[in-house]
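FYI, side chains are in, hydrogens and waters are out, and symmetry mates aren't considered; it's all heavy atoms of this structure. To find a chain, count down the sequence lines: A is the first, B the second, and so on, and within it residues start at 1.
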There are 2 protein chains.
Amino acid sequence: MTKARVLVIEDEEALRLALVDALRSEGFDVLEAADGERGLELALSEAPELVLLDLMLPKRDGFSVLRAIREDRLQSAVIVLSARGEEWDRIQGFEFGADDYVVKPFSTRELFGRMRAVLQRIEGKAPGLPVEAGKVTIGECVVDFSAYTFERKGARAGLSRKELELLRFLLDHEGQVLDRMRIQDAVWGRGNESTPRTVDMHVLKLRRKLEREPDHPRHILTVHGVGYRFSRTGEDARRS
Amino acid sequence: MTKARVLVIEDEEALRLALVDALRSEGFDVLEAADGERGLELALSEAPELVLLDLMLPKRDGFSVLRAIREDRLQSAVIVLSARGEEWDRIQGFEFGADDYVVKPFSTRELFGRMRAVLQRIEGKAPGLPVEAGKVTIGECVVDFSAYTFERKGARAGLSRKELELLRFLLDHEGQVLDRMRIQDAVWGRGNESTPRTVDMHVLKLRRKLEREPDHPRHILTVHGVGYRFSRTGEDARRS
DNA sequence: GCGGCGTTGACAACCCGGTGACAATCGCGC
DNA sequence: GCGCGATTGTCACCGGGTTGTCAACGCCGC
């Protein structure tokens with residue numbers, strides 16, 4: 001991948017500068033815009049590989065920019081940077097159209113992880129692979145993070161917002177053991193008041209939906225006294 | 001993980017001293033700085049594993065220090081210590097680029113929790129190295145410390161927390177003869193009440209999992225009348 | 001109000017660490 | 001080489017903490 005071009009559309013000065021710096025030092029070719037109008041202009045004229053798009057913008061909001069980009073049949077991948085909560089319903093209602101989204105506040109690590117995943121997907125799509133943006137296969141299930149759907153053996157099943165966010169987090173940190181606090185911070189947000197047991201509850205629900213045998217989970221594994229560990233391909237829960 | 005180095009950049013005397021003390025007694029190798037300039041200097045020259053960074057600093061504020069650190073491609077993890085009260089949105093920009101952040105006032109408990117998480121993440125995921133970090137080969141087995149998992153000739157099994165901690169200690173002190181008390185202090189914590197025999201029990205369990213022939217251990221060797229000795233490559237337990 | 005979702009408390013099921021008992025082994029003096 | 005006490009290996013079991021699961025509640029949008 002030779003120096004991908006990235007467009008940052010973000011009005012908040014400090015964050016934009018930090019993003020631009022970080023991306024440049026990672027070797028990206030960076031464009032920036034502080035409002036929606038200018039952002040759309042640049043997106044259309046420069047056709048960058050990737051757009052980082054804030055939703056709350058002066059002059060033209062993120063949704064409108066995103067729609068315009070998509071209507072123009074632009075190939076750019078779009079990662080939305082949204083503040084927690086508020087926009088969820090709109091995002092979901094709109095079919096979204098973004099390739100991924102990151103909830104503020106986020107870390108460089110997290111953002112780069114998502115960017116890498118998205119770019120890889122885009123790149124891999126060229127040879128005509130049936131890899132569709134945002135779709136991930138887990139055992140006999142398919143999750144589509146850009147359309148917010150979930151199906152198991154072809155049959156459509158619903159995942160709620162929290163379930164989806166939890167699943168996404170697990171997926172992003174596959175293989176690592178994640179303690180409840182860390183999961184809670186990521187999925188529920190910092191400074192959250194709820195019991196760590198809430199995490200268990202949602203793990204339970206997820207297991208019921210995506211495990212073949214919820215009683216013998218092969219994907220969401222519990223590590224006693226520590227937390228949970230996710231495996232996409234599935235593991236035998238063999239004792240020892 | 002042997003004695004991680006931590007740099008504390010904090011101008012407020014009392015807090016800095018308290019932090020330094022607490023960290024030292026936790027076994028960290030601690031560096032300290034009372035202003036941003038000195039902090040950056042130390043960060044660049046010493047390249048510690050972890051930096052605890054206050055945002056409001058004399059001479060050079062935390063944001064600037066963080067950017068300088070990142071521009072230097074330093075691998076250090078950074079945890080930002082921010083005061084509550086500043087508007088969240090502005091802080092967001094500052095915190096971007098950090099690996100984690102804690103809001104003042106915080107408890108040492110919370111801080112240590114975050115530090116552990118961050119260090120573990122860093123250790124287990126060097127972005128440049130496709131080589132699986134955080135994994136250690138012992139004879140014909142591979143132990144993955146970040147997944148609490150254990151693999152022997154393709155077959156995977158889990159390790160419990162104590163087993164993992166014991167194994168980690170043995171690994172860190174390979175070749176040395178360790179008496180039970182030393183092991184107990186390290187793994188179970190000082191001032192622990194349990195019988196020295198508890199150590200034996202866990203050695204037994206570990207042997208069963210990682211030795212090819214648990215009856216003739218090649219890695220966890222017993223030194224009669226003294227304690228145990230660990231060998232990563234494996235030794236013949238042949239008598240003479 | 002109804003239904004879905006998120007959360008909580010309660011309780012059951014389970015796992016793991018630790019213990020005591022006993023067998024096996026070792027070291028040492030003979 | 002033998003025997004004995006000390007040390008270590010091993011087993012079964014218990015108790016406490018952790019996790020799984022259910023039912024109920026509050027909240028919100030319809």
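Listed pair A:Thr222 / D:dT18 fails the phosphate criterion, with no side-chain N or O lying under 4.0 Å from OP1 or OP2. Contact between the side-chain N/O atoms of A:Ser160 and the OP1/OP2 oxygens of C:dG4 is not found at any separation under 4.0 Å. Phosphate proximity of C:dT7 to A:Thr195: absent, as no side-chain N or O sits under 4.0 Å from OP1 or OP2. Proximity of A:Trp188 to the phosphate of C:dG6: no side-chain N or O atom is located under 4.0 Å from OP1 or OP2. An OP1 or OP2 oxygen of C:dG17 is reached within less than 4.0 angstrom by no side-chain nitrogen or oxygen of B:Ser194. The phosphate of D:dG20 (OP1 or OP2) has a side-chain N or O of A:Tyr228 nearer than 4.0 angstrom. Note on A:His202: a side-chain N or O is less than 4.0 Å away from OP1 or OP2 of C:dT7.
A:Arg152 places no side-chain N or O within 3.5 Å of a backbone atom of A:Glu140 that could act as its donor or acceptor partner. In this structure a side-chain-to-backbone donor-acceptor pair under 3.5 Å is missing from A:Lys59 to A:Ala34.
Residue side chain A:Arg197 reaches the base of D:dG20 through a donor-acceptor N/O pair under 3.5 Å, judged by distance alone. Judged by atom type and distance alone, A:Arg207 does not reach the base of D:dG20 through any side-chain donor-acceptor pair under 3.5 Å.
Closest approach to the A:Leu204 side chain among D:dT21, D:dC11, D:dG9 is made by D:dT21 (side chain taken as heavy atoms from C-beta onward). Here C:dC15 is the nucleotide among C:dG6, C:dC15, C:dT8 with the atom lying nearest to any side-chain atom of A:His224.
Rounded to whole Å, the distance from CD on B:Glu211 to P on D:dG9 is 12 Å. When the P atom of C:dG6 is taken as reference, atom CD of A:Glu165 falls 9 Å away, rounded to whole Å. Following rounding to the nearest Å, A:Glu163 (CD) and C:dG4 (C1') show an atom-to-atom distance of 11 Å. Rounded to whole angstrom, the span from the CG atom of A:Asp215 across to the P atom of C:dA12 amounts to 19 Å. In this entry the distance linking CG of B:Leu164 with P of C:dC15 reads 19 Å, nearest Å. The distance from atom CG of A:Asp200 to atom P of C:dA12 is 18 Å, rounded to the nearest whole Å. Distance NZ (B:Lys205) to C1' (C:dC15): 10 Å, rounded to an integer number of Å. One atom, NZ of A:Lys209, and another, C1' of C:dG4, lie 10 Å apart when rounded to the nearest Å.
Looking at heavy-atom distances under 4.0 Å, B:Val199 makes no contact with the nucleic acid at all. No contact: B:Val187 has no heavy atom under 4.0 Å from any strand.
Ion pairing of B:Asp144 with A:Arg229 is absent here, as no side-chain N (NZ or NE/NH1/NH2) approaches a carboxylate O to less than 4.0 Å.
Nearest heavy atoms, B:Ile220 versus B:Glu211: N-OE2, 2.9 Å.
Exactly one residue among A:Asp200, A:Asp179, A:Leu178, A:Val223 makes a side chain to side chain contact (heavy atoms under 4.5 Å, CB included) with A:Tyr228. That residue is A:Asp200.
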ask   = Do A:Trp188 and A:Glu165 pass the side chain to side chain contact (heavy atoms under 4.5 Å, CB included) test, and can you show the C-alpha distance, the side-chain angles, and the key distance before you say yes or no?
value = CA-CA 9 Å; A:Trp188 276 261; A:Glu165 285 189 15; over 6 Å; no

